[in-house]
Amino acid sequence: FADYPYPIEGSPTIDAGNNNPHGGLATTDILGSNRSIDGDGNNIPDVDIGAYEYDPSWVAYAATNPSKLRFHAEFGGSPPERQFLSIRSVASAAANWKIVEEIPWLSLENDQGAVTTLIEDIPVYVDHAGLEPGVYREELSIVDPDTGLLYRNVVVELLVNRTHKVPSADYDTIQEA
């Protein structure tokens, strides 16, 4: 989960920081949480590496990756290969999730479920049939279906290209034509 900035249960950054850095230690992290929390369960409240402190008391919360999906398709050609949206819980408790989207050229193999700390990869497909060449940009939202809490918006971008071909054997390049 390279673009997810918060520590996730089991991360090597949890409780691995320096409790006595040169210049001192802030009492809170960037979100205002206590800077020294026992995140690894050894009863010693050590600081985490990074700007965010992991708190094992967090309720189930779904983390997703990536924050953007980019598809490339050839006008009149086959649909692009599927891509995956990965979802997992940041805590040991399962997190319920639902993907909300109204993108006519996008389909999901599964649009809701519950996830634990194991990563679930959701196949994402696009069908560009009927679309003109151009860039199509939409968002889908991953939410908690029970509370409506937004976990993350994911940008979905589809680039439909048109292939330019040399019109006849009289020209070597498209520029000469």
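Residue numbers run from 1 in the order of the sequence given.
Of all non-hydrogen atoms in S36 and P45, the two that sit nearest each other are CB-O, 3.4 Å. E132 and F75 make their closest contact through CA-CE1, 4.2 Å (heavy atoms, listed as atom of the first residue, atom of the second, distance). Annotation for Y54 and I8: closest pair CE1-C, 4.3 Å, computed over non-hydrogen atoms. In plain terms, the two heavy atoms of E53 and P7 that are nearest each other are C-CG, 4.2 Å. The shortest heavy-atom contact between W105 and E138 is CZ2-CG, 3.7 Å. For the pair Y61 and L149, the tightest heavy-atom approach, listed with the atom from each and the gap, is CE1-CD2, 3.8 Å.
A distance of 9.0 Å separates CG of L106 from CD1 of I99, quoted to the nearest 0.5 Å. Here the CG-OG1 distance, from L25 to T27, works out to 8.0 Å after rounding to the nearest 0.5 Å. In this structure, Q112 CD and I142 CD1 are separated by 13.5 Å, a value rounded to the nearest 0.5 Å. The distance from atom CZ of R88 to atom CD1 of I119, rounded to the nearest 0.5 Å, is 6.0 Å. To the nearest 0.5 Å, atom CG of residue D111 and atom CD of residue E101 are 8.0 Å apart. Atoms OG and CZ, on S107 and R82 in that order, are 11.5 Å from each other to the nearest 0.5 Å.
At distances below 3.5 Å, at least one donor-acceptor pair connects side-chain atoms of D29 with backbone N or O atoms of S33. Between the side chain of N20 and the backbone N or O of G24 there is no donor-acceptor pair closer than 3.5 Å. Looking at H128, its side chain does come within 3.5 Å of a backbone N or O of E74 through a donor-acceptor pair. At least one donor-acceptor pair closer than 3.5 Å links the side chain of R152 to the backbone N or O of T64. At least one donor-acceptor pair closer than 3.5 Å links the side chain of D15 to the backbone N or O of G39. Remark: the backbone N or O of T28 is not paired with any side-chain donor or acceptor of N34 at under 3.5 angstrom.
The side-chain heavy atoms of V124 and F84, taken from C-beta on, include no pair separated by under 4.5 Å. Taking 4.5 Å as the limit, every side-chain heavy atom of V126 sits out of range of all side-chain heavy atoms of P79. Between S141 and L150 there is a side-chain heavy-atom pair separated by less than 4.5 Å.
I103 is connected to I122 through a chain of hydrophobic side-chain contacts under 4.5 Å among Ile, Leu, Val, Met, Phe, Trp and Tyr, so both are in one cluster. Connection of V156 to Y136 is established within a shared hydrophobic cluster, with ILVMFWY side chains joined at heavy-atom distances below 4.5 Å, either directly or through further cluster members. Placement of L85 and V100 in two distinct hydrophobic clusters is found when ILVMFWY residues are connected by side-chain heavy-atom separations under 4.5 Å, directly or transitively. Follow the hydrophobic side-chain contacts under 4.5 Å out from F71 and you reach V160 in the same cluster.
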(Q) I'd like to know whether L158 forms a side-chain contact (heavy atoms from CB on, under 4.5 Å) with L131, so could you lay out the CA-CA distance, the side-chain angles of the two residues, the decisive distance to 0.1 Å, and finally the verdict. (A) CA-CA 10 Å; L158 170 60; L131 297 177; 3.6 Å; yes
Residues V154, E139; criterion side-chain contact (heavy atoms from CB on, under 4.5 Å); working and verdict = CA-CA 5 Å; V154 175; E139 278 190 348; over 6 Å; no
Take V115 and W97 through the side-chain contact (heavy atoms from CB on, under 4.5 Å) test and state the conclusion after the steps.
-> CA-CA 8 Å; V115 67; W97 58 270; 3.9 Å; yes
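Using a 3.5 Å distance cut-off with no hydrogens or angles, the side chains of N19 and D46 do pair a donor with an acceptor. At a cut-off of 3.5 Å, with distance as the only test, no side-chain donor of D48 or T13 sits close to an acceptor on the other residue. With no hydrogens or angles considered, no side-chain donor-acceptor pair links Q83 and Y125 at under 3.5 Å. Using modelled atom types, one finds no donor on one side chain facing an acceptor on the other under 3.5 Å when comparing S86 with N65.
Between E157 and K68 a salt bridge is recorded (basic side-chain N to carboxylate O distance below 4.0 Å).
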